[in-house]
J.: 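Quick one: the structure is below, and I'll ask about it shortly.
In this text, all values refer to a predicted model and were calculated from it rather than measured experimentally.
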Amino acid sequence: MKSGWNDRAAEAMVAEGAKSGIDSDLALRVYTTRLLGRDPKLVLHGGGNTSVKGRVRDLLGEEVDVLRVKSSGSDMARIAPDGFSAVRLAPMRSLRKLDRIGDEELVGIERANLIDPAAANPSVEMMLHAFLPQKFIDHTHATAVLSVIDQPDGEKKCDEVFGKRLAFVPYVMPGFGLAKKAIEIFERAKPGDGLILSKHGIVTFGDSAREAYERMIEMVSLAEAHIARNRKSVTAAAPRADASVAQIAPLVRGACSEKDGKIEGAWRRLVLEFRGGDAVLNFLDAKDLDRLSQAGVATPDHTIRTKNWPLVLPAPGAGKLDEFAHAARDGAAKFAARYRSYFLQHDKRAGGVKHELDPLPRVVLVRGLGLFGLGRSKRDAMIAADIAEAWIEGVSDAEAIGCFESISEADMFDCEYWPLEQAKLGARQELEKQLPLAGQIAAVTGAGGAIGAATARAFAAAGADVALLDVNLAATTEQAKAIGADALPVQCDVTDAASVGAAFDTIAAVFGGVDIAISNAGAAWQGRIGEVDEEILRKSFELNFYGHQRVAQAAVKIMLAQGTGGCLLFNVSKQAVNPGPNFGPYGIPKAAALALMRQYALDYGADGIRANAVNADRIRSGLLTPAMIASRSKARGLSEKDYMSGNLLAREVTADDVAQAFLHQALALKTTADVTTVDGGNIAAAMR
């Protein structure tokens, strides 16, 4: 491992900080924290913590000694100066005289001593930083270090690798107790460079940010070199399964879903993230995978993201997807039963005061294929997958030099249900509870246009992960960027069955499946029906009818594989029920699409798949262009404003209004075969 320190970059950070009144110590603390956070072999997703001690003025203008420590859950890779909470140091150090202190009481004392009362809670490891005397302190969960110390003889291996430069602290649950134990051992052993926290990581310190950081890099490098020298064998390339990720992901996703006991027809679903590199496949090919996979986490910090063990599934056999689906559902059911038993056993030990988390897996290993991270959003699934990959590397390297050993199941429970750890996820969990489509995946066709883009935005705002499909990849990519990094742009020509199939395979491979398909793509051909060229009519049917059929067919195939129901939504337009003169080439296939929607509602209602449609009119879009609006308005002797608001409510209807109608239908769990009219009021187009 190489140091990322750069004198010029460090000086620039100090100069930039000075413009905002940030002192050089904090500026360099931010700089080296980012260096640590950007290396996934050191920390992942909110893990790790750093600090610096110094003097600042409080709100009364008095200078006080403070500890500025990374706030709980902050991402070290992108941390800013305000990501460090400043706490009065003397009161924190005075707590050492206590034998123990409750978590809530400790948090209360910490908050009472914040220099800025509005600052975020300090790291759960704050007391460790407070008790140690050094000015700069770094703590990471370096993968190589965990491989060395997650062993039955971890202390011995620590001595072999680091000598007396690092003192070994036996496992104690993170928090106040660990801080007390660590300072006792530090004062007794007097290590020059830092501490090893058994099953938990490494601490280095120094008089400067650079010294603490480069000691971390040096110690991790020693661990990496030890593993390389002592590795027992090199694993041959593992065999790969015949099935594709797109085929397997919906089966895994469906198996790892559960019905919502409070709302009939609702499911608790998770989004997937796949990883299938050689290191993962080699791990899955291990003869003792059953032992290794259930051995526990590499560090307790990971339990809130991955749970304590993964679900392991057999390799999918060629042409035997039904067998795999059965094995997946059986395995997921056993996983959930085991988790509930684990909770009940240890909650009883804890006094029966804990609230059980959902029992669904967060990591699924599929032999011969790879691993899936699972989460209530794509971001959470990626975090779980990142940690699972690091866990595989850590366990594999530990086995290469010895025998991997995790903490006990009781310790795992105490960490997983530790309120201070759960608090890291608290804000996001509360947000998910308020988002009705959290955990769901929506695919929108015609997403490069006005209605499709508005619909994708509305579904993303409601918590869904969205795939935006359009024949114009540049347009849909632009719309996806406006939604966020997890929105998926996909090129898709709905007039081409192969293109539709490939698009939905991509969605299944990226997100794990699909729950809502909004078939919106369309175009308007005009002409008197008795005079229109047959080729024009065929083109319109290809897009405005068969396009809907291809999308619905591809979506239903995935929904049936998941076994958790779903929702098909069709844009049928006003022309389907209230045809206009010279619009037969457009309206006739749209009327057929309306019948198509009803047929899907009939044929798949028993599978929990709902089908609904929106009947919209006069929406500024690729169909109703500015030129067409001007022409229509002029022909009727109206202003453009009056033409666009020519309805019973005298209000112009927008793409966002259509999007909200689609969203309403997606949320109406007991509504199917419905047509919602969005036109401001047109009796001739009203459904009877």
J.: Hey, what do you get for CZ (Arg329) to NZ (Lys334), rounding to the nearest 0.5 Å?
T.: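 The CZ atom of Arg329 sits 15.5 Å away from the NZ atom of Lys334.
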
J.: Got Lys307 and Val363 here, is their nearest side-chain heavy-atom distance under 4.5 Å?
T.: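 Of all side-chain heavy-atom pairs linking Val363 with Lys307, none is under 4.5 Å.
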
J.: Give a yes or no on whether a salt bridge exists between Lys539 and Glu535, defined as a side-chain N under 4.0 angstrom from a carboxylate O.
T.: no

J.: Do Asp679 and Asn615 get their side chains close enough for a donor-acceptor pair, meaning under 3.5 Å?
T.: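 Distance-only check fails for Asp679 and Asn615.
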
J.: Would you name the heavy atoms of Asn544 and His548 that are closest together and state the gap between them?
T.: O-CD2, 2.9 Å

J.: Between the side chain of Arg367 and the main-chain N/O of Pro314, is any donor-acceptor distance below 3.5 Å?
T.: no

J.: Would a distance-only check, ignoring hydrogens and angles, find a side-chain to backbone donor-acceptor pair under 3.5 Å from Asp470 to Gly448?
T.: yes

J.: Quick one, Thr564 and Lys259 - any side-chain contact, counting heavy atoms below 4.5 Å?
T.: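 The answer is no, as the side chains (C-beta and beyond) never meet within the 4.5 Å cut-off.
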
J.: How are the rings of Phe335 and Tyr339 set to each other: parallel, tilted or perpendicular (split at 30° and 60°)?
T.: parallel

J.: Considering non-hydrogen atoms only, spot the tightest contact between Ile529 and Val532 and give its length.
T.: O-CG1, 3.4 Å

J.: Has Asn647 got a side-chain atom pairing as donor or acceptor with Arg651's backbone, closer than 3.5 angstrom?
T.: yes

J.: Using a 3.5 Å distance criterion without hydrogens, assess whether the side chain of Asp242 forms a donor-acceptor pair with backbone atoms of Pro316.
T.: no

J.: May I ask you to decide if Thr654's main-chain N or O and Asp657's side chain share a donor-acceptor pair within less than 3.5 Å?
T.: yes

J.: Does any non-hydrogen side-chain atom of Phe459 lie less than 4.5 Å from one of Leu663?
T.: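 Yes; the side chains approach each other to less than 4.5 Å.
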
J.: What about the rings of Tyr417 and Phe343, do their centers lie closer together than 6.0 Å?
T.: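 Judged by ring-centre distance (under 6.0 Å), Tyr417 and Phe343 do meet the cut-off.
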
J.: For Asn520 and Thr445, indicate whether the former's side chain and the latter's backbone hold a donor-acceptor pair under 3.5 Å.
T.: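 Side chain of Asn520 to backbone of Thr445: a pair is present.
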
J.: Are Arg379 and Asp486 within salt-bridge range, i.e. N to O under 4.0 Å?
T.: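 Between Asp486 and Arg379 there is no salt bridge, as every charged N stays at least 4.0 Å from the carboxylate O atoms.
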
J.: Rounded to the nearest 0.5 Å, how far does CG of Asp617 lie from OG1 of Thr677?
T.: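 Reported value, rounded in 0.5 Å steps: 10.0 Å.
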
J.: Does Arg362 come within less than 4.0 Å of Asp358, counting only side-chain N to carboxylate O?
T.: yes

J.: Between Asp515 (side chain only) and Ile441 (backbone N and O only), is there a donor and an acceptor less than 3.5 Å apart?
T.: yes

J.: Using a strict 4.0 Å threshold on nitrogen-to-oxygen distance, state whether Asp674 and Arg610 make a salt bridge.
T.: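 Salt bridge: no.
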
J.: Before accepting this row, confirm whether a basic side-chain N of the pair Arg275/Asp386 lies closer than 4.0 Å to the acidic partner's carboxylate O.
T.: yes

J.: Between Val556 and Tyr600, is any pair of side-chain heavy atoms under 4.5 Å apart?
T.: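 Of all side-chain heavy-atom pairs linking Tyr600 with Val556, at least one is under 4.5 Å.
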
J.: Check whether Lys378 reaches the backbone of Leu488 with its side chain - one donor and one acceptor, N or O, closer than 3.5 Å.
T.: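 Absent.
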
J.: Stepwise, does the side-chain contact (heavy atoms from CB on, under 4.5 Å) test hold for Val252 with Leu311?
T.: CA-CA 10 Å; Val252 170; Leu311 168 62; over 6 Å; no

J.: Grab the two heavy atoms, one from Lys590 and one from Ala576, that are nearest each other, plus how far apart they are.
T.: O-CB, 3.6 Å

J.: Please test Tyr604 against Gln599 for side-chain hydrogen bond (donor to acceptor under 3.5 Å, both in side chains), starting from the C-alpha separation and ending with a verdict.
T.: CA-CA 8 Å; Tyr604 293 97; Gln599 197 65 45; over 6 Å; no

J.: Say you draw a straight line from CD of Glu531 to CD1 of Ile536; how long is it, rounded to the nearest 0.5 Å?
T.: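 If we round to the nearest 0.5 Å, Glu531:CD and Ile536:CD1 are 13.5 Å apart.
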
J.: Check the pair Ile609 / Leu568 against side-chain contact (heavy atoms from CB on, under 4.5 Å), numbers first and verdict last.
T.: CA-CA 7 Å; Ile609 297 173; Leu568 303 174; 4.2 Å; yes

J.: Distance check, rounded to the nearest 0.5 Å: Ile588 atom CD1 versus Gln575 atom CD?
T.: 10.5 Å

J.: Of Thr672, Thr676, Asn612, which is the lone residue that meets side chain to side chain donor-acceptor pair (under 3.5 Å) with Gln665?
T.: Thr676

J.: Checking Leu360 against Leu374 for the side-chain contact (heavy atoms from CB on, under 4.5 Å) test, could you report, in this order, the C-alpha distance in whole Å, the side-chain angles of both residues, the deciding distance, and whether it holds?
T.: CA-CA 9 Å; Leu360 304 176; Leu374 290 78; over 6 Å; no

J.: Quick one: do Glu356 and Lys354 make a salt bridge, cutoff under 4.0 Å?
T.: no

J.: Could you tell me if the side chain of Phe372 sits less than 4.5 Å from the side chain of Val366, heavy atoms only?
T.: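 They are in side-chain contact.
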
J.: Any salt bridge linking Glu652 with Arg618? Criterion: basic side-chain nitrogen under 4.0 Å from a carboxylate oxygen.
T.: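 No, no charged N to carboxylate O under 4.0 Å.
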
J.: I want to check a possible cation-pi pair here: Arg338 against Trp309, using under 6.0 Å from ring centre and within 45° of the ring axis as the test.
T.: yes

J.: Please examine the side chains of Asn571 and Phe662, heavy atoms only from C-beta on, and report whether any two atoms are closer than 4.5 Å.
T.: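 A side-chain contact under 4.5 Å exists here.
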
J.: Under 4.5 Å between any side-chain heavy atoms of Thr506 and Val510, yes or no?
T.: yes

J.: Measure across Pro589 and Phe545 and return the closest heavy-atom pair with its distance rounded to 0.1 Å.
T.: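 Scanning both residues, the minimum pair turns out to be O-CB, 3.9 Å.
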
J.: Do the non-hydrogen side-chain atoms of Leu594 and Val675 ever get within less than 4.5 Å of each other?
T.: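 When only atoms from C-beta onward are counted, Val675 and Leu594 do touch, with a gap below 4.5 Å.
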
J.: Check Ala561 against Leu251 and note the closest heavy-atom contact, atom names and distance.
T.: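 Heavy atoms of Ala561 and Leu251 come nearest at O-CD2, 3.5 Å.
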
J.: Would you confirm whether Ser645, through its side chain, and Lys641, through its main-chain N or O, come within 3.5 Å as a donor-acceptor pair?
T.: yes

J.: Sub-3.5 Å donor-acceptor pair from the side chain of Gln526 to the main-chain atoms of Pro585, do we have one?
T.: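 No, Gln526 side chain to Pro585 backbone: no donor-acceptor pair under 3.5 Å.
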
J.: One thing to verify: whether Glu416 and Arg305 come together as a salt bridge, which I'm taking to mean a side-chain N less than 4.0 angstrom from a carboxylate O.
T.: no

J.: Could you state the interatomic distance from CG (Asp260) to CZ (Arg268), rounded to the nearest 0.5 Å?
T.: 8.5 Å

J.: To the nearest 0.5 angstrom, please state how far the CD atom of Gln491 sits from the OG1 atom of Thr476.
T.: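 So the CD of Gln491 and the OG1 of Thr476 are separated by 10.0 Å.
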
J.: Tell me whether Arg253 is salt-bridged to Glu258, with the criterion being a basic N under 4.0 Å from an acidic carboxylate O.
T.: no

J.: Please determine if Arg636 forms a cation-pi arrangement with Tyr643, meaning its NZ or CZ atom is less than 6.0 Å from the six-membered ring centre and no more than 45° off the ring axis.
T.: no

J.: At their closest point, which heavy atom of Gly522 faces which heavy atom of Leu543, and how far apart are they?
T.: C-CD2, 3.6 Å

J.: Go through the steps to decide whether Asp322 and His326 satisfy the test side-chain contact (heavy atoms from CB on, under 4.5 Å), and finish with yes or no.
T.: CA-CA 6 Å; Asp322 287 345; His326 177 77; over 6 Å; no

